[in-house]
Novice: 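Please find one structure pasted underneath; my questions will follow.
Proteins come first, then strands; the chains are lettered A, B, ... in the order of their sequence lines, and each starts at number 1. Please read all numbers here as calculations on a predicted model, not as lab measurements.
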Amino acid sequence: MHYQAPVLQKNEWGSFYKLQSIRCLLAVIITVFMSYMIDLGTSAWLLSTACIAGVLISGRLLIKQWPSYKVALIHIVLYAACYFLYSLSLNLIDSNSDFQIYRIASSLHLIFIFYLISLLSTWFFWRKSFVLTVESIVAGTVFIWIFSGHRNYNLHAPKKVISYAWDFGIEPQHFFLALGIGFILLLTFYLIEANNRPIFQADNPIPQVGKTRISLGIIIPSIIIIIFISYASYVNQYYTIELSRASEGVGTESSEGNSPLGFHSAVGKTKQPAALVRLEGDYRDNPWSPMLYLREGALSRYDGKQFVIASNQFDKDVPRIPTGQPYIGLESTEKETFRQNLVQSIYLLTKHQTPFAIDYPQSIRLIKNPDEPRFLLAYQAVSIAPTAQIENILYYEVGDESWDLSTWEHYLRAPGSLSPQSSWPSEYENAQSILDEHGEDLRYAALAQKLTRNITPPVIKAGTIAQFLSEESIYTRAPGHQATDKGDPVAPYLFSEEKRGYCVHFAHAAVYMMRLAGIPARIATGYLTDLSYAKDGHILLQLGDRHAWPEIYVRGIGWTVIDVTPSQAENEQVLVPDEKLLEELMGKLDPVEELLTEPSSVSNQSETISTITKIINKQSFIFALITALVIFIGIKLWLRFGWYTAQSDKEKAMRAYLSICSLLADLGVYRHYGETRVEFADRVKSLFEIDSKQLTSYNDKCMYCPDINFAKLSDINNALLQFDTSFNHKRPKWKRILAFFSPLSLTRFGKW
Amino acid sequence: MKLFDIFNKYVFPWQPLTIRGILALTLSILALWTIAFTQSDLVANIIGFSVLCLLAISTLAALIQRVYLARRISAETYFDTKHPFSRTEIESGIIIRECSILPFYSLEVRKVFKEDGVKSKRHLVRGIASEGKPLRYLLDSVWMPHRGLWNLEALEFTLGDTLGFNRLSWLLPMDKCIEVSAKNIPIHPLPIVSASVSAGDTLNQLQERSGDLFDIKQYDPSDGVKRILWKTYAKSGLLVVRRPEPAVIPEGKVAIYLIAERNDDHVAGAFQSYLQELYNNQIIVIFGTDGLHNSNNREHTTVDAQNYFIADPSKIQNAINLTAFSKIAGTGKDFPKYIEALQAKGHHVQRIIIFAPQRNSSWFEFVKMHAASYSLALTIALVPDKLNLFGLEVAQSNNETQMLTEVIMNSGAELLICESAEALR
């Protein structure tokens, strides 16, 4: 055929080489990234080299106009040879057990596959326009697949990610969000660059680039990035709250009037490490051994639907301080015979709003963080840990003698408690709620009455209620019921046939009935861990260990755990802490903890300053500084040498003018208001003997007569040479170097 | 891909998404609703939302821009009318007004011709025109496969984003016609055969004139055995003949009928050269060809629709191009009407020169029959395919070529074979 499109037009080669470079870079990034995420069994840099070779060789073959069949044939032969070598090594390993040969052959095989993928994708990339779509979709899908392990709040699953998150000192979910945004920005950049690429042996369109609206060009991507980051913040906020669903429905909310508990289905159970606890003493008389309760907060105010955090007037034993602050507790009024002092060092691995410790912490002091990025914070708590076995306190009274009426009312408030006991029904049906005049369900009272009718000791009453719930309930993280029309989330659990629920439901139901049986009770939140998995007194707490449990106030002993432990469980997943991680973390601890001499450095600062310090920490500051510097240098390079990349002579002339103007601006020489460019060039000539007239002339002609080609490349080069000679002659070298780092030209942007 | 374009063009022209856009939309919805929301996948959530967001923003901006541009944009086209030859790059251009494109968008501009086969460049316009200069000049070239009157129906604008998610096309109607001629093929001068034979009109050059010794050419069967230079053959083993020299200028008219279909530009080209020679010799040409009477594109031509022949020199070139798209071009079907028209107008014609391609013989019997019925002598100038200097895609059939030559020679018609003047040098 007479008419045939050439391989590529003259103006398309720039685009070709630029995209080839980008592809090489992307190939290296993807390969190194994959090697770190998946163990590929060979060096990431060898694989990267193979990918780069694939891209470059493919490009070379395209330029040489090799037909597809020839390329395919040669590579099939090469692959066959490679596969033969690989198979041979497999046989050798059977006969001679020469593992080294197998490893080399296996690596070669893998390297060749990477090379082949890179070569084929590049080959088709330059020949078919749809390949970009396929590449993008495959890249997106693979990226999502690589990180699929973290689904359902299992942020610990991709171990490399959590390790990096610790190394960088950021939350794992932030790491995932940043990865997602980074990927999409990279993909967008790649699509923008590659979408209008020239296709080999095709009629490519002739580009006609007009004046670019730089302001709009910056504003649009900025808005898009802001939208992405806003959405990521929203997802982060939502995810952080929802993470509690995977933490047995126990979140980290600590403000008064709110509840950290969730009644929804807890879809997952995360093994994400939350903290490392080291018991500094022996806790032989642990009444719940081998289990250990670490209390973080307490919910004792009934808000008409559920329990929420009460005001400071109540639950004074709970330290209501943010983590990172020291704490001195009130003196204990309880009998010390049933308690012992116990010191614990706690190293936080994820963010906690409030500190936690075993039972009553008497004091919390900050200790030196042994590994800054790995541990967010370290503190030491001294607790008066309970030692009373439940059998020994069965006949104890409940409540405190010093409590006033309002305190009693507070700790006995439950649905139906406002109605007189005489109005409580003796018979009821599970399916139908019986509401009193306050709109509260009387079935709780009826059930409590039924269970404790013939029992007098309050502790035994509480035990009976807990035992009933333990026997009747089915533990499941997917209860599959919703709150009633009145917004009561507990009734659908307690008054159903199966009684399906998890700790949040059990604790609520138990505390309701205990209070209605006249026992002051509350819900405690925190961690419940199995000491069987502890190692030398070190316990690795996981977010899946979060728990909510009922407590009653036993006179002279204090708040005592009466937990519900259902005998039946559905889809129960035993959380076994990662032993390797535990050992690794243990290795980072010092044998003796060093107390921080200036704990006030955190506590004395105002909350605002603390927040600002958190935001502008050292790393982010350095990162921001480096980013700003890179952007600055990028703009300066573009201003100074951007004319090299111009596609047409006309554009080149205009950018060359921009280059000299920015150079002059850096030295403080601007065009005055109302001064024409020619006048400016004259002034520069007369003042500094620097000749910029020729380039000014080209620029003006290009600006005002864009349709006519005035200057050829050689003319522009000559004009630039003329300028450079006169400029270099007049300015010492050090001044010229310093001028590059001058920000003055940026202030004149667009006013050339 | 083409099916998708057809669907977009005819079924749902306002559907802006490309296949990539639709795939991105599908995948983002899948990522969000089947992975991100149900399995709490943070990466899928961010990627799904971001792609959806990019799609929404780019689509909205594309639709707004499409409405704006379609209302504001206006364009003119021009072609190089000095050298509009087929099978060559004809310089052309488009001037667009009010064409400001948002960053990250580009506008593709393409010429749409009514007839198929035109190779026209596409332009990718980005950014805004320079301040104070609202016009944008898009220079390119078009390539026509053969002669004819080509209609530029519209300019097709396609707005797309740089991510390749959206693509919106619309047409700006244009009513422009470009007349493309076949390039003259320099041929060795043919004898001027007058339409009416009278004493002294022609000179028998074969008998009376002897050419220069070096004015020889390779033997062709149409040359006749008598013209072979046997002495040369004996010395060199090459069959060569002496080339006949141009005739002395005769007076009178020459009647020529052109049989050339649209792809027979070499026939038209050779004929045009011969025509030029005739004009140089101030001969009146009575021209006829197939489809002259019923050709389309009348509004773009000065050729009289009522006539089956043209005697006006200024209109003959126009007629050659005009008739290229005729369905009966190259068949010889209008030949009887041409003779009738000549006679009706009082042109006493006794001999007609027929220019035709050498490879095609289908017309010959028909033409011969009608010429015989009007007692007309035929001089048939066959243009061999080897004169197809422009790489025309024509079916080559050596057997048919050989057969036609023999048939013509046997029929008593005078046979002339056009020879490239270039080949003689």
Novice: With a 4.5 angstrom heavy-atom cut-off, which part of B:T18 approaches chain A: side chain, backbone, both or neither?
Specialist: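 Neither the backbone nor the side chain of B:T18 comes within 4.5 Å of chain A.
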
Novice: Within a reach of under 6.0 Å around OH of A:Y36, are more than 12 heavy atoms found that belong to other residues, nucleotides or ligands?
Specialist: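 Count not over threshold, so no.
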
Novice: Using a cut-off of under 4.5 Å on heavy-atom pairs, state which of A:I227, A:I223, A:I220, A:I206 scores highest against chain B.
Specialist: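 Most heavy-atom pairs under 4.5 Å with chain B: A:I206.
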
Novice: In Å, rounded to the nearest 0.5 Å, how long is the span from CD1 of A:I192 to CG of B:D161?
Specialist: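 It comes to 9.0 Å.
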
Novice: Of all the heavy-atom pairs spanning B:P103 and A:G217, show the shortest one and how long it is.
Specialist: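 Taking every non-hydrogen atom into account, CG-N, 3.7 Å.
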
Novice: Of all of A:L187, A:L185, A:L179, A:T188, which one pairs up most often with chain B through heavy atoms under 4.5 Å apart?
Specialist: A:T188

Novice: Side chain from CB out, backbone as N, CA, C, O: work out which of these in B:L42 comes under 4.5 Å of a heavy atom of chain A, or both, or neither.
Specialist: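 Both backbone and side chain.
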
Novice: With only heavy atoms counted, which part of A:F183 is less than 4.5 Å from chain B, the side chain, the backbone, both or neither?
Specialist: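 Just the side chain, heavy atoms under 4.5 Å.
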
Novice: More than 12 non-hydrogen atoms from neighbouring residues, nucleotides or ligands closer than 6.0 Å to CD on B:E156, yes or no?
Specialist: yes

Novice: Look up atom CD1 in B:I94 and atom CD in A:Q208, then write down how far apart they are to the nearest 0.5 Å.
Specialist: 10.5 Å

Novice: Which atoms of A:I224 come close to chain B, meaning under 4.5 Å heavy atom to heavy atom: side chain ones, backbone ones, both, or neither?
Specialist: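 It is the side chain, since no backbone atom gets that close.
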
Novice: Are any of the side-chain heavy atoms of B:N45 and A:F176 separated by less than 4.5 Å?
Specialist: no

Novice: Look up atom CG in B:D41 and atom CG in A:N154, then write down how far apart they are to the nearest 0.5 Å.
Specialist: 11.5 Å

Novice: Using a 4.5 Å cut-off on heavy atoms from C-beta on, say whether the side chain of B:F104 contacts that of A:P221.
Specialist: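 The answer is yes; the side chains approach within 4.5 Å.
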
Novice: Kindly compute the distance separating CG (A:N195) from CZ (B:R20), expressed to the nearest 0.5 Å.
Specialist: 4.5 Å

Novice: Output the option from B:V109, B:L107, B:L27, B:V43 having the highest count of non-hydrogen pairs under 4.5 Å with chain A.
Specialist: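 Among B:V109, B:L107, B:L27, B:V43, the one with the most close pairs to chain A is B:V43.
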
Novice: If we define contacts as heavy-atom pairs under 4.5 Å, which of A:F147, A:Y190, A:F228, A:F143 has the most with chain B?
Specialist: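 Maximum pair count with chain B is reached by A:F228.
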
Novice: Would one find more than 12 heavy atoms of other residues, nucleotides or ligands at under 6.0 Å from atom CZ of A:F16?
Specialist: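 Yes - once you tally the heavy atoms of other residues, nucleotides and ligands closer than 6.0 Å, there are more than 12.
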
Novice: Do A:T133 and B:I19 come within less than 4.5 Å of each other through their side chains, counting heavy atoms only?
Specialist: no

Novice: What distance separates A:Y231 OH from B:I46 CD1, expressed to the nearest 0.5 Å?
Specialist: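 Output value for this atom pair is 6.5 Å.
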
Novice: Can you tell me how far the OG1 atom of A:T141 sits from the CG atom of B:L30, to the nearest 0.5 Å?
Specialist: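 Separation between the atoms: 9.5 Å.
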
Novice: Does any heavy atom of chain A fall under 4.5 Å from the side chain of B:L138, the backbone, both, or neither of them?
Specialist: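 When you check distances to chain A, only side chain atoms of B:L138 fall under 4.5 Å.
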
Novice: Do you know which of A:N196, A:I181, A:L216 has the most heavy-atom pairs with chain B at a distance under 4.5 angstrom?
Specialist: A:N196

Novice: Please check: side-chain N/O of B:R126 versus main-chain N/O of A:P207, any donor-acceptor pairing under 3.5 Å?
Specialist: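 Here the side-chain-to-backbone pair does not exist.
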
Novice: Below 4.5 Å, heavy-atom pairs only: which of B:S50, B:C53, B:G127 has the largest tally toward chain A?
Specialist: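 Most heavy-atom pairs within the cutoff with chain A belong to B:S50.
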
Novice: Considering only heavy atoms, which portion of B:I57 lies under 4.5 Å from any heavy atom of chain A: side chain, backbone, both, or neither?
Specialist: side chain

Novice: Taking atom OH of A:Y234 as the centre, does the number of heavy atoms from other residues, nucleotides or ligands within less than 6.0 Å exceed 12?
Specialist: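 Counting neighbours around OH of A:Y234, 12 or fewer heavy atoms of other residues, nucleotides or ligands fall under 6.0 Å, so no.
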
Novice: Which of the residues A:I184, A:I146, A:L155 is involved in the greatest number of heavy-atom pairs with chain B at under 4.5 angstrom?
Specialist: A:I184

Novice: Less than 4.5 Å to any heavy atom of chain A: does that hold for the side chain of B:L139, its backbone, both, or neither?
Specialist: backbone

